[in-house]
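Accompanying notes for the structure given below.
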Amino acid sequence: MKAIKYLLMGAMLTGFSAAANAQEAELNAALDGIKSKAPNVAELAKAAYKKNKKDAAALIKIGQAFYAQKDTANARMFANYANEAGKPKYQYAPAYLLLGDIESAYGTDGGKAAGYYNQAITFDPKNPEGYKKWAMVYRKISPTQAAKKLQDMKAQCPNEDVDAITAHIYMLAGDEKAAYENYAKADINKLDKLGLNEFVRCSYFTGHFQDALRAAEAGIKLEPRNPTFNRLAMFSNYELKNYEAAKSYINKYFFETDSAKVSEYDHFYTALIYQALEDKANMYTHYDKALELVNDQSMIKRWAILKSVSDSYLKDKEFENAIKYYEQYIACKPDVNSDDMEGVAKIYSKYADEDASRKAELIGKAIEAYRAMGEKFPIQSTYVAYQCATMNNKLDKNGEKGLAKADYQKVVELLEGKADRTKGEDTMLKYSLHYLMSNAFLYGKNKPLAKEYANKILAIDPNYAAAQQIRDLK
């Protein structure tokens, strides 16, 4: 009896094995046919379905294969077959994931895709894919709600780095601040190339340069020739005032990275690094290259580069070049303001301080620049008059020639009757009156007029010693 029993069992196992092999063969034939786009793919899929119609895992593989070939009709059909074969019926989470993928990629209703992913979560709450996919779909509606859903995943899937996934969601939504806040909490050692790329960018562009450098250095360990990591390591070191370290990345970025498309911004930043290191030759070389490459679509504007070049020449007391580039800056800046126009006057003023032989000429140009500023911005008329008087004082320090008198009188006219003067305006008025008081007393020999000015000063500043002395004269 035992022999017969074992013989029957062996026959049953052999039959079972044969059936299983047939199922697997039909499945593999269908998967290969779908991938190769065989002309008889419909027959292969049908045969595989007949052999595997109770095997949800096999059916979902066929559906996923069709989805990979963008055949959404068959992908949806086999997802439904798999769902029906699942145990319990219609509670097969992978089927809902596939249906969600189809809707997300090819449908027009994001809510429907989110609904499928939510069902996947309901039937398999320990699978992180449902949460991730739901969040990816829902981020377009509400990144905050997407992030909240990922917190649900944290409780069910403790091994998942929820902070990194949440950061990725915010990065896709264009919220670099929230992306940074989450990447900063993530385990940097577990971030892949994409995660590090996003971490370094959101850190840098939100001004967190230490974290940007940390992410860039981690990225370089993965991909030493990656242009983004090397570029932002260079930029971050500059922002952190690690100028020598920033310099060490210049050659790496320009000559030792793959597919680096060097831009005007790169040359501009490189010029700033060399400027900090007082390497003027390389600084101006890169400024020139930045100006060659810059265009209307550039992240940095031509006028910003020109201003930086002018400032560099001014620092080096190369005044002619400083003026040349500053004039180009003014000519191409779309929204020139009063500070911009005053910049011209300031360069001429500093130039005059350094070149005694041309002092009168250069002060004259500074005054012209201030007058032009006053014409374009009438609201600055008082300030312009005061500064023109200050410029003339450089040519008439003792006030004997009275070169500043007319402009100081204008300041008094504009401010004396003003009821709501600012502290700065009080200061300008006081010193303008001081000049007129001194001029009247010393050179005009007009003591009554000097006393009149003194009293006006004391009305502003009762403790002003020079005015008290003039007031008390007999």
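One is the number of the first residue; the rest follow in order along the sequence. Note that the structure is predicted; figures quoted are calculated from it, not measured. No hydrogens, no waters, no symmetry mates; every other heavy atom, side chains included, goes into these values.
Ser298 and Glu264 share a side-chain donor-acceptor pair at under 3.5 Å. Between the side chains of Tyr383 and Glu342, at least one donor N or O lies within less than 3.5 Å of an accepting N or O. There is no side-chain donor-acceptor pair under 3.5 Å between Tyr249 and Asn237. Between the side chains of Ser263 and Asp266, at least one donor N or O lies within less than 3.5 Å of an accepting N or O. Of the N and O atoms on the side chains of Ser308 and Tyr287, at least one donor lies less than 3.5 Å from an acceptor on the other residue. When only modelled atom types and interatomic distance are considered, Asp211 and Tyr180 share a side-chain donor-acceptor pair under 3.5 Å. Between the side chains of Asp101 and Tyr106, no donor-acceptor pair of N or O atoms lies under 3.5 Å.
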Test salt bridge (charged side-chain N to carboxylate O under 4.0 Å, His left out) on Asp311 and Lys307 and set out the steps.
CA-CA 6 Å; Asp311 289 346; Lys307 175 65 164 59; 2.9 Å; yes
Check the pair Glu354, Lys317 against salt bridge (charged side-chain N to carboxylate O under 4.0 Å, His left out), reporting the backbone distance first and the verdict last.
CA-CA 8 Å; Glu354 296 292 328; Lys317 296 184 179 180; 3.3 Å; yes
Tyr117 and Tyr96: ring-ring contact (aromatic ring centres under 6.0 Å, His included), yes or no, with the steps?
CA-CA 6 Å; Tyr117 292 139; Tyr96 290 110; over 10 Å; no
Chi angles and distances behind the side-chain hydrogen bond (donor to acceptor under 3.5 Å, both in side chains) call for Tyr329, Asp340
CA-CA 9 Å; Tyr329 158 68; Asp340 295 326; 2.5 Å; yes
Passes side-chain contact (heavy atoms from CB on, under 4.5 Å), Leu196 versus Val200? Steps please.
CA-CA 6 Å; Leu196 289 169; Val200 70; over 6 Å; no
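For Asp472, there are no salt bridge (Lys or Arg N to Asp or Glu O under 4.0 Å) partners two or more places apart in sequence or in a different chain. With sequence neighbours left out, the ring-ring contact (aromatic ring centres under 6.0 Å, His included) criterion links Tyr370 to no other residue. Residues meeting the salt bridge (Lys or Arg N to Asp or Glu O under 4.0 Å) test with Asp161, sequence neighbours left out: none.
Aromatic rings from Tyr351 and Tyr348 are positioned such that their centres are separated by 6.0 Å or more. In summary, the aromatic rings of Tyr274 and His267 are positioned with their centroids too far apart to meet the 6.0 Å limit. No close placement of the Tyr408 and Tyr431 rings is indicated, their centers lying 6.0 Å or farther apart. Taking the six-membered ring where the residue is Trp, the centroids of Tyr313 and Tyr325 are separated by under 6.0 Å. For His208 and Tyr183, the distance between ring centers is not under 6.0 angstrom.
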Throw together a table of side-chain donor-acceptor distances under 3.5 angstrom for residues 398-405, partners on residues two or more places apart or in other chains.
none

Tabulate below the donor-acceptor pairs under 3.5 Å that side-chain atoms of residues 457-468 make, not counting sequence neighbours, or state none.
from, atom 1, to, atom 2, distance (Å)
Asp461, OD1, Asn463, N, 3.2
Asp461, OD2, Lys430, NZ, 3.1
Tyr464, OH, His434, ND1, 3.0
Gln468, NE2, Pro462, O, 2.9

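In this structure the side chain of Leu240 reaches within 4.5 angstrom of the side chain of Gln210, judged on heavy atoms. Side-chain contact between Leu415 and Thr382 is present, with at least one heavy-atom pair separated by less than 4.5 Å.
The pair Arg76-Glu103 meets the salt-bridge criterion, with a side-chain N (NZ, NE, NH1 or NH2) lying under 4.0 Å from an Asp/Glu carboxylate O. In summary, Glu292 and Lys289 do not engage in a salt bridge, as defined by a charged side-chain N under 4.0 Å from a carboxylate O. With salt bridges taken as basic N to acidic carboxylate O contacts below 4.0 Å, none links Asp175 and Lys177. In this structure, Arg371 pairs ionically with Asp407, as a charged nitrogen and a carboxylate oxygen lie closer than 4.0 Å. Using a 4.0 Å cut-off between charged nitrogen and carboxylate oxygen, Glu361 and Arg358 count as a salt-bridge pair.
The only member of Tyr253, Tyr265, Phe205 that meets ring pair (Phe, Tyr, Trp, His ring centres under 6.0 Å) when paired with Phe235 is Tyr265.
Pro125 and Tyr131 get closest at one heavy-atom pair: O-OH, 2.8 Å.
Not a single donor-acceptor pair under 3.5 Å links the side chain of Ser236 to the backbone N or O of Ala212. A donor-acceptor pair is defined here as one N or O able to donate and one able to accept, closer than 3.5 Å; such a pair exists between the side chain of Lys451 and the backbone of Arg471. A donor-acceptor distance shorter than 3.5 angstrom exists from the side chain of Thr122 to the backbone of Asn118, with no hydrogens or angles considered.
For the side-chain hydrogen bond (donor to acceptor under 3.5 Å, both in side chains) condition, the pairs that include at least one residue of residues 409-419, sequence neighbours left out, are Glu416-Lys456, Lys418-Glu425.
Within 6.0 Å of NZ in Lys333 there are more than 12 heavy atoms belonging to other residues, nucleotides or ligands. Around atom NZ of Lys350, no more than 12 heavy atoms belonging to other residues, nucleotides or ligands sit under 6.0 Å away.
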